[in-house]
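Structure record follows, encoded as structure tokens.
None of the values given here were measured: they were computed from a predicted structure. Letters A, B, ... mirror the listed sequences (proteins, then strands); counts begin at 1.
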Amino acid sequence: MITLEHYLLLAAALFSIGLFGAVAKKNAVAVLMGIELMLNSVNINLVAFNRFLMPSQLVGHVFAVFVIVVAAAEVAIGLAIVISIYRDKFSTEVDNLDWLKW
Amino acid sequence: MIENAWLIPLFPLIAYVLIIFLTKKSKGISVGIALAAMIASLIVSIGVLVETLQKGITMEAPYQVAVKWLNLSPVENITGLQIDMGILIDPLSAVMMFVVTSIATLVIIYSIGYMHGDPGFSRYFAYMSFFAFSMLLLVIANNFFEMFIGWELVGLCSYLLIGFWFEKPSAAAAANKAFITNRWGDFGFMLGIILLFINFGTFNFTELSQIVQQGAGISAATLTLITLLIFAGPLAKSAQFPLHVWLPDAMEGPTPVSSILHAATMVAAGVYLLARGFVLFQGSPETMLVIAYIGGITAFFAATIALVQRDIKRILAFSTLSQLGYMVMAIGVGSITAGMFHLTTHAFFKCMLFLGAGSVIHAIHDQDIFNMGGLSKKMPITTWTFVIGALSLAGIFPLAGFWSKDEILLVTHEAGFTGLYWLATLVAGMTAFYMFRLIFVAFFGEKRSDHHAHESSPVMTGPLIVLAVFAVFAGWAMVKMGYGQMVYFGHPHQAEINMGIALISSAIALFGIVLAWLIYYKKVIDTDVWAQKLRPIYALLWNKYYIDEIYQWLFDHVMLGLGWLFNQNDRKVVDGVADGFGDTIRHTGGLLRFIQTGSLQNYALVIFGAVIIIVLLMATPVLGGVIK
Amino acid sequence: MDNINVLVDTLKEKFSSKISVSDDGQSLVVSSADIFPVLKEIKENTQYNFLADLTAVDYPERMEVVYHLMNIKDAGLIRVKALLDKSDPKIDSVVFLWDTANVMERETYDLLGVIFEGHPDLKRILCPDDFEGHPLRKDYKVEPAVRQ
Amino acid sequence: MAISNQESGFRTQEFVLNMGPQHPSTHGVYRAILTMDGEYVVDVENVVGYLHRGMEKIAEDRTYTQFIPYTDRMDYLAGILNNWGFVMTVEKAMGIEVPERAEYIRVITGELQRIASHLVMVASMALDLNGYTPWMYAFYDREKILDLFEMICGSRLTTSFMRVGGVPNDIPEGFIPKLEKFLAELPGRADDFDNVITGNEIFVGRTKGVGVLDAEAALSFGLTGPNLRASGVNFDLRKAQPYSVYDRFDFEVPLGENGDSFDRYNLRMLEIRQSARIIRQALDTIPEGDIMAKVPKVLKVPKGETYCHIEGSKGLLGFYLVSDGGTKPYRLHLHSPSFVNLGAYPKMAKGTVLQDAIASLASIDIVLGEVDR
Amino acid sequence: MSQAIVFGVLAAIVLGFGLAMVLSKNLVHSAIYMAVTFIGVAGIYLNLSAGFLAAMQILVYVGAISVLMVFGVMLTRRGDIAASNIFNRYKLTGGLMALALFVILGRLIFTSSWNLSSFAVPEDTVSLIADLMMTDFVIPFETAALLLLVALVGAIMVAKGVKNTR
Amino acid sequence: MENFFVNIAGLIRDLIAGFGLNETLVYLAMVIVKFVAVLVFVLLNVVVLVYMERRVAGFFQERLGPNRVGPQGTLQLVMDIFKLLSKEDIVPAGADKFVYKAAAYAIFVPTILVYMVIPFGKGMNVIDLNLGLFYILAISSVTTMIIFMAGWGSRNKYSLVGGMRAIAQMVSYEIPYVFSFLGVIMLTGSLKMSTIVEAQQGVWFIVLQPIAFIVFLIAGNAEINRGPFDLPEGEQELVAGYHTEYTAGRFAMFYMAEYANLLAMAAIGATVFLGGWQGPWLPGWLWFFIKMYALVFGQMWVRWTFPRIRVDHLMHLNWKVLLPVSLANIVVTGIGIKVYQMVRMMGWW
Amino acid sequence: MNGQGLIKGLSVTIKHFFSPKITELYPEVKPKLPESVKADFDLDREKCIACGICANACPNKVITIETEKDENNKRRLKRYEMNMQYCLFCGLCAESCPTKAIITKQNFELAAYSRENTKRLLYQADKAPASETEPGAKE
């Protein structure tokens, strides 16, 4: 029997993988990908909670939809920034984006 | 018919959408759509008016339909923010709708001639339709919120239409001015209805009136505050002193716009609001006093300015201000019957006056009355309709203006505001004087400049004639039909004609006309000489009491001066202290800045590391860990 | 071919001795050093402002670069020849007068080995880049294709 | 209207695209080295010569008559015009008068060839914008012209029709009715073509304002023929300096306005109708008589230089003949319009999108046989 | 039983391709693996009776976001694509951190007690979601719409680069 | 006749049930059976479509088209497939082999999955999903990714540009494509394909939603990269666009997917706008077939008449024409529905 | 404009859809070529005087003539071969022939499977003339 814990565990694993990707990759686009995985795992959680805790109220679904919307916006903006930086620096490596330090 | 009243605002809205999105390129179709929609609205509103009268729908027992629109209650059964979209039909709104739709129809017909050949032809009609929609929404609303939406939309339309020729810098500036000035009032209005909602838990007019009449526990001070805040709306929208400054400038828009928005309907929305919410105002005598006096002051003050203006539209604009003051005053003294009566008659004849002025401007492309002269021969229809309008405005028996103005004077007198009564009577005289100054200078006498005036086309003169008929008969007809039995508050009331008051006001008005005739037609008195002698007063009036300048000065000195003060304080005092701290901290921070690596991933690592540590800490029994 | 003498008369003032008329009276002969100013003058101050053709001919004793200029009004043509030393065939480019000279000069360079000085991109155009020799020169050895 | 990338300010990685030598729309083995920025063409370099056969060298080793078949292979879409230009040069150099009937036959076949060539141009213009069906329609009409050629010349494409001093074959029986039928059908077919392509919004959108060359640039780039006229310069050798018997016919020279691809295309459509008009007049007035002048069996051109050009289907087709008095040319230079037109291509294509570059290339109507010779 | 198999397969797809995405050296391969991961997540949604969300997931994530990602990769392509997606200096720390987080989360999941409900998910989720969006969540809904619009405009502005003069 | 195929399905069902399987397994088995049936149907139709396209194109061009192999050239396609399968399978040296190969296998998947919910007749769909239309939109959006994989994996600049064009075009046109259905969805209040068809009992949605239908035709055409919108494979510019480098069997996959997509488009159009299986006299599935092929013919007609649109015009058409028009259509539909409801409520009708 | 052009185009194509088709069913139906077509050559051995003018007239040296002296010490044709892969089909040979011995024919099916078979042996003294067999059928 598949229970809530299974889904949560899956989501946790996916989140960790996404975090690993977001933290340990050089390319900015890859970082964005990692963040997408993290958002997806959050969505799994939302839907799973909804399914197992309050199935009659689809609040979890609604929130998942909002997360998807935000993710779409985030990717659009994120990629635009990446391209914009690429134009200036001819690089998409996150390590190079340290103008804000000091 | 009455159940289809919701169609009245809908037709213009459809027209607007169609014109803007589909037929903008085709002028003919756009006009056709706008006109057809207005006529449809007019027909429905006549039907509604007739049915209202027949079915005996009264102010106490209005017809009301509402649909739930927005329900922001957090939980079922607990009252939260619930907003309805509804219609409220009582004689007040029925009459008002008839006024709006009929005038709008006529103005649209008139505009076909006036706007002919303008590049923004279709856009104009789209805006007009949208205005009609907004205004009708405002009128038909059954709650404050809906009304506020209409209120803001008419403001928007006003902005768009004043700035219709946005390529003209003065028009753009005037539009901005109108918009910004109105923000003051609208802000107050909004605060007022929010406060209202907080206190009463509803926006609905009927519910409000029930609550108030049952004497729900609410302190008089609160009610005064609410009503004063709400009154800020009319103050700006109906251009009452001291927020009147935008209206004269609003004359930058096309003349039909001035006619419908800034004379007949939109500016009267303030009065309508006062009438609508009278149940609240009447609960606060202080507010009533403020309203009455502001109305009276505005009436007088605007009339004096109108005495010396040269621009035909500005004279009419100040006249409008003055008459709006009358209406507000009438409501302030406690008679919505008189106020609304004057609103109705005024709408017809002032609209006509503006349209006549538009006809003149259209013919000679000049607005200075001293550049006109001798138009009566060239433009007979315009001239004679204008004269009828002026007579009506001056309150000459038996024209429409006589009845309504007399009503106001009467209620003022009866309410015991003697000072205001005399002021109003004086204003009546001044009104007659400046109107006939305008007529004698512009239409009679010799031709003063090289203009080739010609009578306007029938599309333009037709509405003039129709309105002239209204201006002549409306007042009498409404008195006969028992206006007081229709629009009232509390109990039906209409004062019988008091011969004394009627005679005094008529005499003063006639005196004004004669004076104008002597000065400007017969030239018995040399105006220049008098202008020289009364130089300071003339200058004061010519510059509209320097109100604009005062506002500018206030802004320049008070606001900027305060700003300067705060700035100095900030720089010298606060910064001095802060810098002291800052220097200390900066040096400390200089050491800490090295943790700012600038690497996003580093930050992310730190954040999640911190999360892990916090969870671990919470899990350990030392800190009373929550997790077993 | 239009009468060249009329043109010569107008040009004489400026380039007195540098120009001459060929033996058959059909062409204007200019030495290779003066070609650019002469053509510039013709282009700017006469009606013959359209470069109809540009090529070269390899004669036994010399090399000639031949310009055909056209009058766009009535299609009148004149021929201008520049004489080149065969051992050192160099001449000023006229790309700056006519854009079309670009490809024509490249072609002439490719096929006849005339070097146009000042040409922006003088390289082979018809023959492959690694081609040796200039095929339209008379001394170019043609190797007959092997027929099957 | 194409917006260049620099204007829009959006730049990404540039890359080099080798368009050709094997590519569907280079009209043969032509290669353009495009430097692309996304869809935008930043730079263009022409590479030609894949079809170079050394015709000028061949000419030096062939007699005047023997060279005629080779001229077919230059602009293989307008063989008769090439033949004509060459034999006219030789006739001019030798001072031979061509019999009138021969001139009329030359005009008829030459104008038919012009129609055929223009039909190919409009067809391939349509095809390059993916209009397969109109392409087929135009080729259908061209096929009929080729049938006519088959009757009169014995070949369809490489006609080798002209001879120094006249034409080899007289008009065969059945030719004129067939030609009349063709001329009667042509306007309807051209209207159909106009309806499918010329009036098509997509086509107009893709060609209007694309590859613009104004009159000054066109003259500087040495463009002639329809490409020059599309830029608004009224220059047609048949009018400016009527050769053969063109002065006897009444026809108009259509002109373009903007010098864009659409004008170049549309000019061809208009010229097709004008050519048909010339043919009809020629058919009405063709005289009887010889078709060959008296010429010696072995042709020897007197020593000297000759430059002669005709209004080819793609521009001025010029022949510069240097003779040393022998039976073979000492030097024959072929001035081919396509070669010159192609020189203007980089200017037209730079800063446009890839599709515009294709449209521009189609609109200048190059034939690689003529470019490379 | 069958449900467990389905879940197991889907979880394997999600985690396997997720890991492959992170570990792949080729950025385009990463993007493709990511798309497959998203499809797997859509399967998980289906398993959770969230059909609408599953379709939405595919439409938005696979059809748009993944595509956008590869588009971004293409526009910023430079150098050798085969080594376009390498790790930075946090490979080890990051990995350990992720592992630690997973362990902690796992422990939290199993130590928490959940207030499970035994109701079934309604059949027609679409209209229920629509109802919720138009009533209780109308303001977030409008805000989200606004956010998308702003993001769209912002993305165009950022990517195009604003000229310093008008 | 009406229930011919349904009856066959019933027979098979009984047969499977005869093995003594339980309810779920029978259902599952039936889905598989239906899936295979649809697969066969699609593949057969693709063959017919390719033949039809060539024949129709020929007719438009005043020629006969394939007429050599078999009677009237009907076997041409069989021969073509044999030819393609017998060709050398080339993987370009520089290609990203994994992506290159995966794209060819994946390209057919979303296309086939789309057919799962299309009702070919009354009760004739594999699964009648609640979310039918939304499912179709979601699944077909995956194609973009696969086309990109093909374009990128080939390591060919033409392919790459083709892939880029495909992405830009398909992502952009998806918006009006989706919007064109919204009007219909608002009218029916359901995403279920069978409900949508049944709602067209009286009047087809092409009558109520003509603008949406036109938007659907244009955007759908662009979605499947055909007709004047075949920029991703624009022959004259990009040789063959994203599938330039594909040969043999892999090319055949792309080729078939293109026609399967075309058919899917026509099927969706027939279902959503043309009343699906509804129609007098003839059996429902035949009606569906006729409508589908009428749409296919229309697509071919357009494709063989128009030149290819330009890149910037493509975007212009989408963002400045189709999108506002489809949005306006939604608004008008909404108002129309509300007015209709009010009119009904008021009892005027 | 505004789509009228598109609709017009559609109407034209649909018109052609129903119009008669022009495709020639080639192998079954052979085209009838006009007399003048120069697609193939034939040699009238009786007329040929082996003068070699044709070979000289040929621009591309397609014709090979071998002659021999016959008993009357007259030149006689021994072998006449045309290397058709280089032929320009200009017809200059036929035109230049003083006796009109070489004539053009309308057979256009000259395709052959190998290069050797493109050679056209019009006459060989000790062999039957090749022109009676189709060149394509030689394989």
Side-chain angles (χ1 to χ4, degrees), chain F residues 51-74 76 176 210-211 213-219 221-222 226-230 293-310 313-314 316-318 320-322 324-325, chain G residues 1-40 84-85 87-89 104-118 120 131-139:
Chain F
Y51 172 70
M52 177 179 167
E53 170 109 306
R54 291 196 178 179
R55 221 43 218 253
V56 165
F59 270 52
F60 276 125
Q61 295 168 357
E62 300 192 321
R63 54 189 181 85
L64 288 175
N67 56 19
R68 303 278 84 186
V69 190
Q72 288 294 306
T74 40
Q76 180 78 41
I211 294 168
F213 182 64
I214 290 165
V215 172
F216 162 76
L217 282 183
I218 297 173
N221 217 343
R226 266 184 69 87
F229 304 102
D230 52 350
Y293 269 86
L295 276 179
V296 167
F297 179 79
Q299 298 276 8
M300 288 181 178
W301 185 8
V302 167
R303 186 215 182 299
W304 291 107
T305 303
F306 294 153
R308 184 179 305 115
I309 200 163
R310 201 166 78 192
H313 292 173
L314 181 87
H316 176 99
L317 177 70
N318 181 50
K320 297 192 185 163
V321 181
L322 291 184
V325 164
Chain G
M1 286 318 204
N2 288 333
Q4 286 166 18
L6 302 180
I7 291 172
K8 240 185 215 165
L10 287 174
S11 68
V12 170
T13 44
I14 199 75
K15 185 182 89 191
H16 286 281
F17 186 83
F18 295 109
S19 69
K21 306 291 171 267
I22 56 163
T23 310
E24 289 178 0
L25 298 169
Y26 161 60
E28 290 95 41
V29 186
K30 300 247 158 99
K32 224 173 140 264
L33 296 181
E35 296 272 303
S36 55
V37 166
K38 324 169 264 204
D40 195 7
M84 294 305 274
Q85 66 171 311
C87 184
L88 299 172
F89 298 98
T104 55
K105 287 202 324 184
Q106 283 78 53
N107 168 38
F108 57 90
E109 292 168 313
L110 300 177
Y113 278 100
S114 66
R115 272 182 196 275
E116 288 81 61
N117 295 333
T118 58
R120 201 96 165 78
S131 66
E132 281 163 24
T133 52
E134 299 295 318
K138 276 182 193 167
E139 189 71 315

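With ring centers used as reference points, F:Phe60 lies 6.0 Å or more from G:Phe18.
Interface summary for chain F: among G:Leu10, G:Thr23, G:Val12, G:Leu6, the most heavy-atom pairs under 4.5 angstrom belong to G:Leu10.
Contact record, F:Trp301 with G:Ile14: CZ2-CB, 3.4 Å, taken as the closest heavy-atom pair. Across all non-hydrogen atoms, the minimal contact from G:Leu25 to F:Leu64 is CD2-CD1, 4.0 Å.
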Please evaluate residues F:Glu62 and G:His16 with respect to the criterion side chain to side chain contact (heavy atoms under 4.5 Å, CB included), reporting the C-alpha separation (whole Å), side-chain torsions for both, the decisive distance (0.1 Å), and the verdict. CA-CA 6 Å; F:Glu62 300 192 321; G:His16 286 281; 2.5 Å; yes
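Around NZ of G:Lys8, the count of heavy atoms belonging to other residues, nucleotides or ligands within 6.0 Å does not exceed 12.
A donor-acceptor pair shorter than 3.5 Å cannot be found between the side chains of G:Thr13 and F:Trp304.
Side-chain atoms of G:Pro27 and F:Arg68, non-hydrogen and from C-beta on, do get closer than 4.5 Å to each other.
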